[in-house]
Number of protein chains: 2
Amino acid sequence: MTSDVMTIREMCDAYDVTPRTLRFYESKELLFPIRDGTRRLFTRRDRARLKLILRGKRFGFSLEEIRQLLDLYDRDGSQELQLARTYQVAQQRLEQMERQRAELDEAIAELKDQLAWGEEALAAFRRAAAE
Amino acid sequence: MTSDVMTIREMCDAYDVTPRTLRFYESKELLFPIRDGTRRLFTRRDRARLKLILRGKRFGFSLEEIRQLLDLYDRDGSQELQLARTYQVAQQRLEQMERQRAELDEAIAELKDQLAWGEEALAAFRRAAAE
DNA sequence: CGTCACGTTTACGTCAACGTCAAGCACTCT
DNA sequence: AGAGTGCTTGACGTTGACGTAAACGTGACG
């Protein structure tokens with residue numbers, strides 16, 4: 001509450017990102033810090049956007065997808081349409097993630113099989129060595 | 001059985017990879033096809049290695065990791081040591097994959113939460129529109 | 001007044017696993 | 001001889017999310 005805006009370093013500390021990342025996000029039009037001369041000052045709006053960006057990344061959205069969703073909210077169309085669109089995109093992403101999990105589970109099961117096989121082979125070696 | 005070696009196209013058809021992939025693997029020293037003049041001829045050994053490569057990829061090993069494991073078998077040390085080493089690497093990989101799955105599960109749960117929230121918000125819009 | 005510490009811009013580098021040309025040889029069919 | 005097909009090498013392009021280096025500015029501190 002000391003002030004309404006934050007410097008790049010304060011942002012980095014607060015959100016655990018590097019300056020490079022913030023500048024990169026600005027260049028990609030994900031953030032729009034105002035300028036004090038040459039320096040960036042990040043507003044509440046930027047902070048809200050950054051939170052959404054980081055959350056989106058955890059969900060596996062690409063920065064481009066995130067940008068499109070954020071733009072949706074900037075163009076200030078119907079709140080309901082924005083929400084519906086976001087909901088739809090999120091649902092698709094969820095499906096992707098569940099497919100990913102299925103594949104991962106399959107691979108894990110297969111790898112466990114292989115490990116069991118290897119364990120047995122190693123046991124055979126040990127038996128042979130024991131005599 | 002027509003012959004012991006296969007051309008690049010036969011390999012591609014048999015293992016569902018592109019010629020580029022096979023040449024790439026050769027350049028990375030994962031495969032060592034012999035040459036008939038300028039053409040590549042893939043031996044049984046190459047086919048065995050390719051199978052291992054493709055399996056390793058399903059498990060999420062990088063090509064470099066796969067190369068190291070394959071090299072292990074070429075250097076022809078003790079069979080037991082090779083197996084033990086492979087077993088160890090595979091186990092580490094399994095741990096990675098299970099961590100991945102945990103993260104993915106967490107993200108999926110979080111995203112489902114968000115979707116539930118969005119669903120409710122949309123329902124509120126619809127109720128508002130219904131009057 | 002010097003010198004930090006932090007800020008800036010621009011531009012090129014990184015990593016993985018190939019894809020995509022471009023240009024040319026080798027062989028076969030007609 | 002010409003056409004077509006398949007294979008070759010070599011080099012650059014792709015994708016995503018930044019890292020890194022160079023060269024410079026600027027404000028605060030002692």
Side-chain angles (χ1 to χ4, degrees), chain A residues 2-3 5-43 46 49-70 93 96-97 100 103 107, chain B residues 2-3 5-43 46 49-70 93 96-97 100 103 107:
Chain A
T2 61
S3 93
V5 295
M6 288 170 66
T7 69
I8 200 167
R9 181 115 315 268
E10 288 167 341
M11 289 290 283
C12 292
D13 294 345
Y15 297 97
D16 195 31
V17 294
T18 68
R20 181 67 182 94
T21 298
L22 294 176
R23 287 192 277 262
F24 181 73
Y25 288 172
E26 185 191 8
S27 79
K28 292 289 176 178
E29 306 197 282
L30 289 158
L31 297 177
F32 305 95
I34 56 179
R35 294 308 181 95
D36 168 25
T38 155
R39 298 189 179 168
R40 292 165 175 82
L41 292 177
F42 294 85
T43 65
D46 290 311
R49 292 173 73 94
L50 181 54
K51 281 182 203 167
L52 290 173
I53 294 167
L54 297 177
R55 178 179 302 174
K57 276 175 61 74
R58 277 205 307 282
F59 294 155
F61 289 105
S62 72
L63 290 184
E64 175 56 21
E65 287 172 316
I66 293 169
R67 191 187 61 74
Q68 287 176 21
L69 287 176
L70 288 176
R93 180 61 199 155
Q96 272 182 43
M97 289 171 75
Q100 256 187 54
E103 284 174 31
Chain B
T2 60
S3 95
V5 295
M6 288 170 66
T7 69
I8 201 168
R9 181 112 318 266
E10 288 167 342
M11 289 290 283
C12 291
D13 294 345
Y15 297 96
D16 195 31
V17 293
T18 69
R20 182 67 184 93
T21 297
L22 294 175
R23 287 193 276 262
F24 181 74
Y25 288 170
E26 186 192 8
S27 79
K28 291 290 176 180
E29 306 198 284
L30 289 159
L31 299 177
F32 305 95
I34 56 179
R35 294 308 181 95
D36 169 25
T38 154
R39 297 188 180 169
R40 292 167 175 82
L41 292 177
F42 294 85
T43 65
D46 290 310
R49 293 173 73 93
L50 181 55
K51 281 182 204 167
L52 290 174
I53 294 167
L54 297 177
R55 179 179 302 174
K57 276 174 61 75
R58 278 204 308 281
F59 294 155
F61 288 104
S62 72
L63 290 183
E64 174 56 21
E65 287 172 315
I66 293 170
R67 191 187 62 73
Q68 287 176 22
L69 287 176
L70 288 175
R93 179 63 199 152
Q96 273 183 42
M97 290 171 74
Q100 257 187 55
E103 284 174 32

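Letters A, B, ... mirror the listed sequences (proteins, then strands); counts begin at 1.
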Original post:
Is it true that B/Arg35 and B/Glu26 have a side-chain N and a carboxylate O under 4.0 angstrom from each other?
Top reply: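 Salt bridge flag = yes for B/Glu26 with B/Arg35.
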Subject >> Lys/Arg N to Asp/Glu carboxylate O, B/Arg67 vs B/Glu64, below 4.0 Å >> reply: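 Salt bridge present between B/Arg67 and B/Glu64.
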Subject >> Nearest heavy atoms of B/Leu30 and B/Arg49, plus distance in Å >> reply: O-NE, 2.8 Å
**OP:** Identify the heavy atoms of A/Phe59 and A/Arg93 that sit nearest to each other, and give their distance.
**Re:** O-NE, 2.7 Å
Could you tell me the separation between the [atom1] atom of [X] and the [atom2] atom of [N], rounded to a whole number of Å?
X	N	atom1	atom2	value
B/Asp36	C/dA26	CG	C1'	11 Å
B/Ile34	D/dC7	CD1	P	16 Å
A/Arg9	C/dA5	CZ	P	13 Å
A/Ile8	D/dT26	CD1	P	17 Å
B/Leu30	C/dA16	CG	P	13 Å
A/Glu64	D/dT15	CD	C1'	13 Å
A/Arg40	D/dT26	CZ	C1'	15 Å
A/Met11	C/dT8	CE	C1'	17 Å

Original post:
Hey, what bend do you get for the helix from C/dC1-D/dG30 to C/dT30-D/dA1 if you fit axes on five pairs at each end, rounded to 10°?
Top reply: 30°
Original post:
The side chain of B/Arg35 lies closest to which of these nucleotides: C/dC18, D/dA17, D/dT9?
Top reply: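 Closest nucleotide among those given: D/dT9.
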**OP:** May I ask you to say what A/Lys57 touches in the nucleic acid, namely base, sugar-phosphate or nothing, with a heavy-atom cut-off under 4.0 Å?
**Re:**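 The answer is sugar-phosphate, as A/Lys57 gets under 4.0 Å only of primed atoms, P, OP1 or OP2.
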**OP:** Would you mind telling me which residue lines up with the more 5' stretch of DNA chain C, B/Ser62 or B/Thr38, judged by nearest nucleotide?
**Re:**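 Looking at DNA chain C, the more 5' nearest nucleotide goes with B/Ser62.
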Subject >> Strand-adjacent residues in residues 19-27 of chain A, judged by heavy atoms under 4.0 Å from DNA chain C >> reply: A/Arg20, A/Arg23
